[in-house]
Q: 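Take a look at this one; I'll ask things after.
Fair warning: this is a prediction, and the values are worked out from it, not measured in the lab.
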Amino acid sequence: MTDNDLAYGIPSNWGRWGDTDERGAVNLITGEARARGAAEARTGESVSLARVTRSTPLTAGPFAPTTASTGVQTIMLHTGAGSPAMAEILLVNPHHPEVTHLDAMSHWVEGGRTYPGVAQADSSGPLGVRHGAASAYADGIVTRGVLLDLAPGGRLAPGAAVTGALLDEAAARAGVEVLPGDALVVRGGRHLTDEWSGSEALPGMTVDAVRWMHEHGIAVYAGDIGDAHPPLPGEVPGALHRFGLGRLAIPLLDGCDPAELAGTCARLGRWTFQFVVAAARITGTTGLPVNPLAIF
């Protein structure tokens with residue numbers, strides 16, 4: 001931890017769960033927290049928090065659109081003469097803004113080291129990640145989820161600064177208490193891909209909001225609000241990734257779309273639910289596409 005980090009009041013979770021840990025704040029999800037989440041699944045209604053990601057052809061003819069997404073590209077294959085089966089090869093960019101994905105511990109490097117103090121040369125190399133890969137969560141992240149809607153029925157203003165006070169206000173509106181081991185889902189009504197033209201500044205998490213997450217024991221973060229673009233005046237650029245992921249070791253689910261979840265919560269009058277997400281058992285990656293689920 002640097003002197004600047006200390007000045008911002010951001011502690012470090014490096015070493016909190018041992019010198020070889022790869023799961024970070026997910027360790028806050030105790031058996032009690034999982035049971036609390038399971039108790040929220042009363043009717044079985046399920047809502048996805050993932051964005052719909054269009055797959056586009058990697059190879060195409062001269063009239064293919066030039067505006068195709070690069071999040072997921074496909075090569076369609078036929079399995080052989082006389083066979084009715086089709087298959088494909090996928091080229092996936094997991095950190096593309098159109099792909100809902102999990103940022104693992106190896107995704108952030110600070111001072112040549114990654115959580116919980118592993119030298120980058122020992123963490124990853126040309127053949128992939130050796131420590132802190134996304135597959136560390138292959139057994140699933142299962143806990144209670146809490147939705148904090150910062151702009152019910154609308155959108156946050158361009159360039160809005162999300163603070164701990166805003167999160168407290170949203171929790172008060174919902175009548176919920178955020179508890180250690182919870183998954184925090186935040187809705188602001190905006191997304192990077194919607195504003196990529198640069199016509200409007202994206203809202204973002206402040207250092208104060210990240211400190212709030214630590215104080216409330218957040219185990220995993222998911223939402224449509226991430227780091228501001230451009231950076232907020234007077235704020236540390238990339239506070240959510242630098243401090244939330246890098247120092248507090250909170251895995252981030254980037255690129256979520258909580259719009260349907262917000263509608264369901266409003267309809268049911270419930271802002272808590274069972275939260276379930278699992279990463280594929282593909283080794284060696286700093287992140288993987290995921291489909292987070294809220295189960296009521």
Q: Same hydrophobic cluster for Leu77 and Leu91, using side-chain heavy-atom links shorter than 4.5 Å among ILVMFWY?
A: yes
Q: Any side-chain heavy atom of Arg190 within less than 4.5 Å of one from Pro158?
A: yes
Q: Find the distance between CG (Asp227) and CG (Leu202) and round it off to the nearest 0.5 Å.
A: 10.5 Å
Q: Side chain of Arg173, backbone of Leu148: donor and acceptor closer than 3.5 Å?
A: no
Q: Show, in sequence, the C-alpha distance, side-chain angles and deciding distance for Val186 and Met205, and conclude whether the side-chain contact (heavy atoms from CB on, under 4.5 Å) test is met.
A: CA-CA 10 Å; Val186 171; Met205 292 290 178; 4.0 Å; yes
Q: Backbone N or O of Gly189 within a donor-acceptor pair of the Asp224 side chain at under 3.5 Å?
A: yes
Q: Could you check whether any side-chain heavy atom of Arg242 comes within less than 4.5 Å of a side-chain heavy atom of Val210, counting everything from C-beta outward?
A: no
Q: Are Leu245 and Ile250 connected, step by step, through hydrophobic side chains (Ile, Leu, Val, Met, Phe, Trp, Tyr) whose heavy atoms are closer than 4.5 Å?
A: yes
Q: About how many Å separate CD1 of Ile225 and CG of Leu150, when rounded to the nearest 0.5 Å?
A: 6.5 Å
Q: Which of parallel (below 30°), tilted (30 to 60°) and perpendicular (above 60°) describes Tyr8 and Phe243?
A: tilted
Q: Would you call Asp257-Arg51 a salt bridge at under 4.0 Å N-O?
A: no
Q: Keeping Asp21 on the side-chain end and Arg23 on the backbone end, is there a donor-acceptor pair under 3.5 Å?
A: yes
Q: Which label fits Phe296 and Phe273: parallel for a plane angle under 30°, tilted from 30 to 60°, or perpendicular past 60°?
A: tilted
Q: Regarding Ser48 and Asn291, is there a side-chain donor-to-acceptor distance under 3.5 Å anywhere?
A: yes
Q: For the pair His96 (side chain) and Glu98 (backbone), establish whether a donor and an acceptor sit closer than 3.5 Å, ignoring hydrogens and angles.
A: yes
Q: Is the shortest heavy-atom distance from the side chain of Asp139 to the side chain of Arg281 under 4.5 Å?
A: yes
Q: Should we count CD of Glu215 as having more than 12 external heavy atoms under 6.0 Å?
A: yes
Q: State, with a plain yes or no, whether a side-chain heavy atom of Tyr221 is found less than 4.5 Å away from one of Leu248.
A: no
Q: So does Met105 get a backbone contact from the side chain of Glu22, meaning a donor-acceptor N/O pair under 3.5 Å?
A: no
Q: With side-chain contact (heavy atoms from CB on, under 4.5 Å) as the criterion, how do Thr143 and Gln274 come out once you've worked through the C-alpha distance, each side chain's angles and the decisive distance to 0.1 Å?
A: CA-CA 6 Å; Thr143 188; Gln274 185 179 35; over 6 Å; no
Q: Do any N or O atoms from the side chain of Ser123 and from the backbone of His131 form a donor-acceptor pair under 3.5 angstrom?
A: yes
Q: Does the side chain of Pro180 reach to within under 4.5 Å of the side chain of Leu28, using non-hydrogen atoms?
A: no
Q: If I take atom CE from residue Met213 and atom CG from residue Leu184, how far apart are they, to the nearest 0.5 angstrom?
A: 5.5 Å
Q: Find the distance between OG1 (Thr114) and CD (Gln120) and round it off to the nearest 0.5 Å.
A: 8.0 Å
Q: I'd like to know if the side chain of His229 and the backbone of Pro203 have a donor-acceptor N/O pair within less than 3.5 Å.
A: no
Q: Between Glu32 and Arg34, is there a salt bridge with N-O shorter than 4.0 Å?
A: no
Q: Take Val276 and Val142, measure what side-chain contact (heavy atoms from CB on, under 4.5 Å) needs, and give me the verdict at the end.
A: CA-CA 5 Å; Val276 178; Val142 182; 4.2 Å; yes
Q: Does any N or O in the side chain of Thr206 come within less than 3.5 Å of the main-chain N or O of Val162, such that one atom is a donor and the other an acceptor?
A: yes
Q: Does any part of the side chain of Asp168, heavy atoms only, come nearer than 4.5 Å to the side chain of Trp212, both counted from C-beta?
A: yes
Q: Can any side-chain N or O of Arg187 pair as donor or acceptor with the backbone N or O of Asp149 at less than 3.5 Å?
A: no
Q: Once you round to the nearest 0.5 Å, how far does OG of Ser135 lie from CG of Leu102?
A: 10.5 Å
Q: Between Arg270 and Glu40 (side chain of the first, backbone of the second, donor and acceptor by atom type, cut-off under 3.5 Å), is there such a pair?
A: yes
Q: Is any side-chain heavy atom of Ile29 closer than 4.5 Å to a side-chain heavy atom of Ile141?
A: yes
Q: I'd like to know whether Val99 forms a side-chain contact (heavy atoms from CB on, under 4.5 Å) with Asn93, so could you lay out the CA-CA distance, the side-chain angles of the two residues, the decisive distance to 0.1 Å, and finally the verdict.
A: CA-CA 8 Å; Val99 179; Asn93 176 0; 5.9 Å; no
Q: Any side-chain heavy-atom pair from Leu252 and Trp108 closer than 4.5 angstrom?
A: no
